[in-house]
J.: 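What follows is a single structure, and I will ask about it in a moment.
Position 1 is the first residue of the sequence; numbering continues from there. The basis for the numbers below is simple: all heavy atoms, side chains too, and nothing from hydrogens, waters or symmetry mates.
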Amino acid sequence: MSKKTVKFEYEKETKNSVRYQEVPEDGMAPIMGTLYIQKWFAGNSKIIEITVEKKD
C-alpha cells in the first residue's frame with residue numbers, strides 16, 4: 001500500500017461546485033488534474049488536500 005496527499009488550489013466557481021486545480025510536486029506530473037467539489041462542502045476553502053491510497 002502507498003498513500004499520497006495531493007494539494008489543490010481554488011480555480012473558479014461553477015453553478016453548483018467549486019473547481020480546484022492540482023498543484024503538482026516539483027518535477028512530477030499531475031496525478032488527478034482538476035477536481036470539482038460541491039459548494040455546500042467546499043465553502044470558502046482556497047486549498048483542498050486529498051489523500052489517495054493504493055491497495056495492491
J.: Check Ile48, Val18, Ile47 against Tyr10 for a side chain to side chain contact (heavy atoms under 4.5 Å, CB included) and give me the one that passes.
T.: Val18
J.: Can you tell me if CD on Glu11 sees more than 12 non-hydrogen neighbours from other groups inside 6.0 Å?
T.: yes
J.: Ser2: which residues meet the side chain to side chain donor-acceptor pair (under 3.5 Å) condition with it, sequence neighbours left out?
T.: none
J.: Quick one: are Lys4 and Val6 in side-chain contact, heavy atoms under 4.5 Å?
T.: yes
J.: With a 3.5 Å cut-off and sequence neighbours excluded, list the donor-acceptor pairs that the side chains of residues 26-40 form with protein atoms.
T.:
from, atom 1, to, atom 2, distance (Å)
Thr34, OG1, Gln21, OE1, 3.1
Tyr36, OH, Arg19, NH1, 3.3
Lys39, NZ, Glu13, OE1, 3.3
Lys39, NZ, Thr14, O, 3.0
Lys39, NZ, Lys15, O, 3.2

J.: For the atom pair NZ (Lys54) and NZ (Lys3), what is the distance rounded to the nearest 0.5 Å?
T.: 14.0 Å
J.: Specify the closest pair of heavy atoms between Tyr20 and Ser45, including all atoms of both residues, with the distance to one decimal.
T.: OH-O, 2.8 Å
J.: Excluding sequence neighbours, so at least two apart, what forms side chain to side chain donor-acceptor pair (under 3.5 Å) with Lys7?
T.: none
